[in-house]
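No hydrogens, no waters, no symmetry mates; every other heavy atom, side chains included, goes into these values. These numbers were taken from a predicted model, which means no experiment stands behind them. The chains referred to below are lettered A, B, ... by the order of the sequence lines, with proteins before strands, and numbering in each begins at 1.
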Amino acid sequence: MMRLKRIEAARFGRLFDATLGPLGDGLTVVLGPNEAGKSSFTALVRSVLYGFPTERSVSERPYLSEAGTREGRLVFESAEGEWVVERVAGVRGGPVSVRALRGPERPDLLAEVTGGVSEQAFKVVFGFGLAEMALIEHSRGSDDDIIARLYAAGAGLSVSPQEVRAALEAEAGELYRPRGSKPVINALAAEARRLRTEIGDLERAGAELAGERERLRELSTELEAARVRRDELAVRHRTLAEEARVLGALEDEVHEYESTLLGLRRAARTAAEDVASIVVDEAALELASEVGALADDLSSFRRAQEGVREAREQATTAASARDALFAEAGLTPAEGAAVDTSPATREGVREWSERLVAAAHRERSAADERDRTGAEAEALRATAPVPVPQAAVPAGGAGLLPWALVAVVGAVLSGLGAFTGQWVVAGAGLLLAGLGVVMAARARAAAPSAASGHDAERQAERLRELERRAEQARLLADTAAQTAADERLAWQEWRAGRGLAAASDPASAGRVVDLVAQARRSESDRVAAEARLEREQDQVEGYLARARVLAEVLAMPEPADPDAAVATVARMRERVDAAREARLARESAAERAASARERVAETEERQASAVERAQELIARLGVEGGLAELRASAEQAEIDARVAAERFDALNAECASLEERVGQRERDHSMGERRLELESVRERIGERAERYVELQLAARLLEQAQERYERERQPDVVREAERVFAAITGDVYPRLTVPLGGSAIEVFDASSRAKDTARLSTGTAEQLYLALRLALIGQLDAVGPGLPVLMDDVFANFDPERKLGAAAAVAELARSRQVVMFTCHPETAALLTEADPGAATLTLDRC
Amino acid sequence: MAEPLVFVHAADLHLDAPFRRVDAADRRVREACVEATFAAFDRIVGVCLERDAAFLVIAGDAYDTADRSFRAQNRFRAAAERLAEAGIRVFVAGGNHDPVLASATPLEMPGNVHVFSAGEVERVAFPDEDDPRCVLYGRSYGRARETSNLARGYRRAATDPFAIGVLHANVGGDDRYEPYAPCSLEDLRAAGMDYWALGHIHQHQELSKDPPVVFPGSPQGLDPNEVGGHGCVVVTVAPNGSPTLEFVETGQLVWERLAVDLTEADTADDVLSAVREACERARTGAGGRPVLLRLELLGRTGAHGVLARGALVDELVAEVRAEQLTAEPWVWLDRVTDHTRPVIDLERIRGGADFAAEVVRIADAIDHDSASAMVGEVLEPLQSSVRDLDLELDAAVVVERARDRVLDALLAGEEGR
């Protein structure tokens, strides 16, 4: 069994490094004078177990120490060992530690020792003095209702049924109170009433909506009627207005016709006057085509005039050119006429020119050869020592023979040309023959001469050759001269036969032929010009004659010459044009006049028609007052239609406004939402009400159980208190009751007269409280198993007789739980040691 | 019949009806609830259009009230106009919520809407009398509390190619619903119809296969008890006159009630996790639609004490509501009822001799009448001052819960002692 062995005060109030102990296993009586620290040790035990009070605590004494931070230790002991619980003042009561002085570590020792006992319960039940005696009753109904805890403890419960009941009722009270407003159900009920009011309003609005819908229906009917009337009046107005417009238009039409007729008649007269006043040149009009033709031919006439002038000039120019060409050719026109200028003549002249040139050339060449070979032979003869026989002279070199052949071929060609008349071939053959001869001679001459004998021989040979050649050249020269003379003679005959006798050579003949040909072309030009002159002249004369005829017919002056004819024709055209314009003007005037007459007729007809229609309309409408009356009717109809339209618009606006209002209300979800909100509130009310009923039933169940329990099964603890109290009071008060409901504790005397504690003396009341504590602690074996009971002079107000009873009761408790009794009264200590001879006794000196 | 005849059978639209017993504290939820009946009807119209239905039959209670809110009529008319555009006719019978009253001033409906008369069973050939493909027999209620057996007035003609009976009635005395137009299945069979299009019962039911006697249920669940699927029935009548039925869900909001076993829970966090998990379960099972969820917390649990401490459930609901509304589709935690029990051995306590045993014995001794009396006594002041109290309590259960609550409080610290 755990017990408190020592109480050590390091620093606590007046106590400084003070130790109380060793304490007995049962009762320990601590005797000490006032200010010896008895209360301090009791408070120190509570502080070490539950924490030091704060330094500023006003609810209980803090026991500050001048020596420093408060600190204390409790040494517990059991069969298993010894442990110290140590605490130093600090935050939240100060840190506490448990260490083993002997035996195993028991870190949970503090919880084991105090198990189930709150600080307040300790203060009231386990460690108390006179000041706390009454708390056991005064705390009733509060959380620290020690009486209720007695029941709870006695009933095997951890909490007080009374507390539970109070909590249930409190929770129920938060849900509903009959005349409350804040509890949840009360508030929800108010919310529901508010929603019902709103829904009622909405329903009334709904009823109004029905009325408005009815009104809307009526309005729609009215609106339709107004629409019909408006439309009818509008139609009537439009009809009358249209008819008034038509009648007005007819009248306007009639007036307009009158005005038109005036103008038309005036125009007809004017046109007739114009017809009468316009004179037309009929003669000019009759000859208009001829004048037109004349005018059209005027350009031809002018070109003919120009042609006359040009032809005349051309004839003159050509005659002059012809004469000049003949003169240049040295011929008279008659001689010129005899010249043959044909192409054959021109070809003949050219050929003759070549033949004569060739013949002259051959003649000169042959002569030159003759002269040269003669000179060479002469020169050789003069230098040659011995005349070299011709035969001794060896034949020339190898070049002689070819050249001799060339000479033969040339001669043959020349003969053939002459025979065939191919003078060019003949000339060429001649030249070739000459060339062959010359070259053969040179070849011969170039042959090496024999020296001395041989040279002389060769030189003689050469001389012979030269002489032969000279002879041959002379023969050829003679032949060529003869040939040239023959050619010239033939030329003379040829040109005489072609009228070219005056031309001595082919060149002159050719030039004469050209000049004569040109002269002949000039003559031809002249003849052509003369012919054109005649044609143009005829044309001019013809035109002039036509102009003169027309001028005569038109009584106009005849043109004296072609130049005057142009002006005459222009005047004729002007006259014709004027005549035509006059005729058109007269025709136009006549048409205007006719048209005006037709339109007059038409307009008169239309006017008559309009008048007739207007009369018919007036007759149909029955408006004797005519247009004025009709217009007045139309104006009235317009006013009526406007009034009807305004009425319709007003109704339409009212209808639209109502429709909008009705539609808005109909679209409004408020009713649905309010209903749902009400459902929500009702649901919440139901839910809370269910909980409320459950809580109330729970409280009632508890109440019934309490009543039955109190009635049938007085708790042992109360019975034990009753026994202890009777013992202390010497059976003056054999009974007591501790009602569960929190009402006052009552004691009963031997006559069963009840007294509540207020009517008891202080001492008796304290005896009652002591009895209750002792009974309670006696029942709490498992509660606070290591806690000693510390009493601080609680017998102070007891009379000696009751002190004795109380001492006996304390001694009895000390048999089951450690008790420490502090007292400053030696007689009390003596009583206690007498009651419990085994009690330990300790003394304290004044601090 | 040359080709199948398709029609849609709906009933109990309760247009503009407020949801009952819902704590729709959030505006978004409230708006969804207000709109839900209309949205469900719009879905029915969509089904008609998608299935190319020949007509739509509404077997009573199209409106929630006899005066037919203008809003409801207006939405009905708009829907009927949509159907009219597609050439789909609408046959309507008035039920106990929307009897055909002379005093009512309904909006003018488009020409495709036919409301059966209230005086007698009306016969309408579809599409016309000259060449009918089917014949509808229907009768509206002339008063809200119609207690006569209207089914007996129905009789098909022998020449009808396919006969459809349209009636709002309580068949077989279903005590969950008002006993209006009471009749038996035999009464209906006797009429010789090929299909009975019924209304009044809000859960989809097929009372008979041959002939089909069908309650399509309400298109939208209207209170926490109307859980499960809600919709309409698409009927396809084969050329040989054999009907095939298909139930199509139209509910826009799903009511769900789930039990949450907290046996393993010890802390508030455990409870929160379990509630969240239940919300997820509800969301997953709702087919993409928002859910109005009620949870019942059950089990002997260490968390009972935590839950019993006043405002925890309220705080938990507030927190879960806030987070569940942010998800899509949202889940509205309408109510969480704590029916958990403390972890106590009742038999052991009952056999004891202490105060707790006394409490148990007292509770045991309270019989049903006494419990009702106790509950009535507690409720009396509440009921007298709070008009909006509509409690349906099982007094015995309440006593049990009260007992457990007491025991829980009394024994809360027992383990510590």
Side-chain angles (χ1 to χ4, degrees), chain A residues 116 151-152 155-159 161 164 167-168 171 174 176 178-179 185-186 188-189 192-193 196 206 209-210 213-214 662 665-667 669 671-673 675-687 689-690 692-698 700-702 704-706 708-709 713 782-783, chain B residues 16 18-25 27 30-31 33-35 67 69-71 74 105 310 334-335 337-338 352-356 358-359 361-363 366 371 374-375 378-379 381-382 384-391 393 398-399 401-406 409-417:
Chain A
Y151 271 104
L157 301 173
S158 60
V159 293
V164 172
L168 292 170
E171 193 177 344
E174 286 176 7
Y176 174 72
R179 279 171 294 282
I185 293 175
N186 300 74
L188 286 169
R193 284 193 294 277
R196 283 193 184 286
L209 180 64
R213 280 166 60 191
E214 186 55 33
V662 168
R665 287 189 177 186
E666 286 162 354
R667 288 190 296 274
H669 292 188
M671 175 67 95
E673 292 198 357
R675 284 177 178 171
L676 266 180
E677 284 180 34
L678 180 60
E679 282 296 323
S680 295
V681 170
R682 292 181 63 182
E683 190 61 17
R684 275 178 262 166
I685 288 174
E687 190 182 349
E690 198 173 330
Y692 172 79
V693 170
E694 191 179 310
L695 287 166
Q696 286 288 16
L697 284 186
R700 289 187 182 205
L701 275 180
L702 202 51
Q704 286 181 22
Q706 282 178 302
R708 183 181 293 180
Y709 202 79
R713 302 177 61 199
V783 178
Chain B
D16 208 15
F19 277 25
R20 291 181 294 277
R21 300 179 59 200
V22 57
D23 183 7
R27 170 166 284 279
R30 208 158 49 236
E31 287 175 353
C33 291
V34 169
E35 184 63 19
D67 62 356
S69 81
F70 184 87
R71 188 171 130 86
N74 207 28
T105 53
D334 177 53
R335 182 172 178 179
T337 308
D338 175 23
D354 57 6
F355 189 85
E358 199 67 59
V359 171
R361 282 193 287 273
I362 288 173
I366 298 172
M374 285 177 76
V375 169
V378 172
L379 274 177
L382 254 177
S384 63
S385 63
V386 180
R387 178 182 170 185
D388 296 280
L389 189 58
D390 181 18
L391 277 184
L393 295 177
V398 177
V399 169
R401 290 214 301 270
R403 176 200 65 198
D404 289 347
R405 185 180 278 268
V406 170
L410 287 176
L411 304 177
E414 195 173 55
E415 287 180 1
R417 292 182 70 105

Okay, B:R387 and chain A: the region with an atom under 4.5 Å from a heavy atom over there is side chain

Can you tell me if A:S680 uses its side chain to pair, donor with acceptor, with the backbone of B:A24 under 3.5 Å? yes

Okay, A:L676 and chain B: the region with an atom under 4.5 Å from a heavy atom over there is both

Please report the closest heavy-atom contact between B:A402 and A:L697, naming both atoms and the distance. CB-CB, 3.7 Å

Measuring heavy-atom distances to chain A, does B:L393 have an atom under 4.5 Å in its side chain, in its backbone, in both, or in neither? side chain

Sort A:L678 into side chain, backbone, both or neither according to what part of it lies under 4.5 angstrom from a heavy atom of chain B. side chain

Within this structure, what is the CZ-CD distance for the pair B:R21 and A:E679, rounded to the nearest 0.5 Å? 9.0 Å

Looking only at heavy atoms, what is the nearest atom pair of B:A25 and A:R684, with distance? CB-NH2, 4.2 Å

How about B:L382 and A:I685: do any of their side-chain heavy atoms sit closer than 4.5 Å? no

With the side chain counted from C-beta on, respond yes when B:R30 and A:R675 share a heavy-atom pair under 4.5 Å apart, and no when they do not. no

Run the side-chain contact (heavy atoms from CB on, under 4.5 Å) test on A:Y692 and B:L379 for me, step by step, so that the C-alpha distance in whole Å, both residues' side-chain angles and the decisive distance to 0.1 Å come before the verdict. CA-CA 9 Å; A:Y692 172 79; B:L379 274 177; 5.9 Å; no

Is there a side-chain contact (heavy atoms from CB on, under 4.5 Å) between B:E358 and A:Q704? Walk through the geometry before answering. CA-CA 9 Å; B:E358 199 67 59; A:Q704 286 181 22; over 6 Å; no

Would B:R401 and A:E690 count as a side-chain contact (heavy atoms from CB on, under 4.5 Å) if you check the C-alpha gap in whole Å, the side-chain angles of each, and the deciding distance to 0.1 Å? CA-CA 11 Å; B:R401 290 214 301 270; A:E690 198 173 330; 2.9 Å; yes

Heavy atoms, side chains only, cut-off 4.5 Å: are A:R700 and B:V378 in contact? yes

Got a second to check how far A:L695's CG is from B:R405's CZ, nearest 0.5 Å? 4.5 Å

CA sep, side-chain torsions, deciding dist, call: A:E683, B:V22, side-chain contact (heavy atoms from CB on, under 4.5 Å): CA-CA 6 Å; A:E683 190 61 17; B:V22 57; over 6 Å; no

Taking only residues two or more places apart in sequence or in another chain, which ones pass salt bridge (Lys or Arg N to Asp or Glu O under 4.0 Å) with B:R27? A:E673, B:E31

Contact part of A:R179 toward chain B, heavy-atom cut-off under 4.5 Å: side chain, backbone, both or neither? neither

Toward chain B, the part of A:R682 with a non-hydrogen atom under 4.5 Å: both

Flag side-chain contact, heavy atom, 4.5 Å: B:L410 against A:L702: yes

Taking A:E694 first and then B:R403, would you say they form a salt bridge - that is, a charged N and a carboxylate O separated by under 4.0 Å? no

